[in-house]
Asks: 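Once you've had a glance at the structure underneath, I'll fire off some questions.
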Amino acid sequence: MRLALFQPAIPQNVGACIRLSACFGVELHVIEPTGFRFDDRAMKRAALDYGPLGHMTRHADWDAFQASRNTGRLVLFTTRGATPLTQFRFHPDDTLLFGSEPTGAPEYVHEAADARVVIPIRADARSLNLSVSAGIAVWEALRQIAPEG
């Protein structure tokens with residue numbers, strides 16, 4: 001299971017996803033460019049107590065990320081998703097991909113996705129925060145693939 005962020009714009013969200021990936025033992029992939037200097041103080045502060053970032057990989061751009069991907073499906077979380085999270089079945093080698101906070105994922109990312117998933121929210125709500133969405137998705141994916149017992 002991997003978590004990937006496409007061109008994130010808010011350092012605090014990346015920091016929260018660093019914590020998320022460290023706590024759940026999930027690789028984190030950050031697809032640049034980001035909307036902030038990667039050494040931004042707020043991002044560092046958000047991830048400070050999680051030590052070495054060996055679980056995180058930075059990719060210079062979309063093409064570099066795609067070239068580095070191994071097996072497994074690319075599962076894009078999007079408000080334009082076709083399958084509600086409650087109906088989607090995850091696999092252990094899935095990469096859970098989230099688009100940029102202000103713009104989401106561009107069409108070429110949608111086209112590259114093997115599946116598109118939406119987290120159901122109230123009709124009158126616009127969207128969830130990126131790191132909150134990632135937390136929901138990672139937890140549900142790991143819950144589904146956990147061995148029974």
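These numbers come from the heavy atoms of this one structure, side chains and all, not from hydrogens, waters or symmetry mates. Bear in mind that the values here come from a model prediction, so they are computed numbers and not experimental data.
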Asks: Is there a side-chain contact between Thr57 and His59, using heavy atoms and a 4.5 Å cut-off?
Replies: yes
Asks: Does the side chain to side chain contact (heavy atoms under 4.5 Å, CB included) test come out yes or no for Phe90 and Val138, once each step is laid out?
Replies: CA-CA 10 Å; Phe90 292 95; Val138 166; over 6 Å; no
Asks: Taking side chain as C-beta onward, heavy atoms only, is Phe6 less than 4.5 Å from Leu76?
Replies: no
Asks: Give, for atom CZ of Phe65 and atom CG of Leu5, the distance between the pair rounded to the nearest 0.5 Å.
Replies: 9.5 Å
Asks: Would you give the length of the straight line joining atom CZ of Arg116 to atom OG1 of Thr79, rounded to the nearest 0.5 angstrom?
Replies: 9.5 Å
Asks: First locate atom CD1 of Ile18, then atom CD of Gln12, and finally report the distance between them rounded to the nearest 0.5 Å.
Replies: 11.5 Å
Asks: Could you tell me whether the side chain of Met56 reaches within less than 4.5 Å of the side chain of Val30, counting heavy atoms only?
Replies: yes
Asks: Distance from Met1 atom CE to Phe24 atom CZ, nearest 0.5 Å?
Replies: 12.0 Å
Asks: Atom CD of Glu140 and atom CZ of Arg143: how far apart are they, to the nearest 0.5 Å?
Replies: 4.0 Å
Asks: With the side chain counted from C-beta on, respond yes when Phe98 and Asn13 share a heavy-atom pair under 4.5 Å apart, and no when they do not.
Replies: no
Asks: What is the distance from atom CD of Gln7 to atom CD1 of Ile31, rounded to the nearest 0.5 Å?
Replies: 8.0 Å
Asks: Quick check on side-chain hydrogen bond (donor to acceptor under 3.5 Å, both in side chains): which of Glu27, His29, His55 does Ser21 satisfy it with?
Replies: His55
Asks: In the structure I gave you, are the side-chain heavy atoms of Leu74 and Gln66 within less than 4.5 Å of one another anywhere?
Replies: yes
Asks: Over all heavy atoms of both residues, which pair between Ile119 and Ser133 is shortest? Give the atoms and the distance, please.
Replies: CD1-O, 3.6 Å
Asks: Using atom types as modelled and distance alone, determine if a side-chain donor or acceptor of Glu101 lies under 3.5 Å from a backbone N or O of Ala9.
Replies: yes
Asks: Do the non-hydrogen side-chain atoms of Leu20 and Val26 ever get within less than 4.5 Å of each other?
Replies: no
Asks: Taking all non-hydrogen atoms of both residues, which atom of Ala125 and which atom of Ile121 are closest, and how far apart?
Replies: O-CD1, 3.8 Å
Asks: Please answer whether the main-chain N or O of Phe88 pairs with a side-chain N or O of Gln144 as donor and acceptor at a distance below 3.5 Å.
Replies: yes
Asks: Taking it one step at a time, do Ile10 and Leu130 satisfy side chain to side chain contact (heavy atoms under 4.5 Å, CB included)?
Replies: CA-CA 9 Å; Ile10 301 172; Leu130 170 69; over 6 Å; no
Asks: For a side chain to side chain contact (heavy atoms under 4.5 Å, CB included) check, start with the C-alpha distance between Ile136 and Leu85, then their side-chain angles and the critical distance, and finish with the verdict.
Replies: CA-CA 9 Å; Ile136 292 168; Leu85 176 62; 3.7 Å; yes
Asks: Using distance alone, with no hydrogens and no angle criterion, decide if Asn70 and Asp93 have a side-chain donor and acceptor under 3.5 Å apart.
Replies: no
Asks: Is there a donor-acceptor contact under 3.5 Å from the side chain of Asp61 to the main chain of Asp63?
Replies: yes
Asks: Which pair of non-hydrogen atoms, one from Ala134 and one from Leu3, has the smallest distance, and what is that distance?
Replies: CB-CD1, 4.0 Å
Asks: What orientation do Trp62 and Tyr108 show, parallel under 30°, tilted 30 to 60°, or perpendicular over 60°?
Replies: perpendicular
Asks: Within a 6.0 Å radius of atom CZ on Arg126, are there more than 12 heavy atoms belonging to other residues, nucleotides or ligands?
Replies: no
Asks: Could you check if a side-chain atom of Phe77 sits within less than 4.5 angstrom of a side-chain atom of Leu128, using non-hydrogen atoms only?
Replies: no
Asks: Any chain of hydrophobic side-chain contacts (each under 4.5 Å) joining Val132 to Val117?
Replies: yes
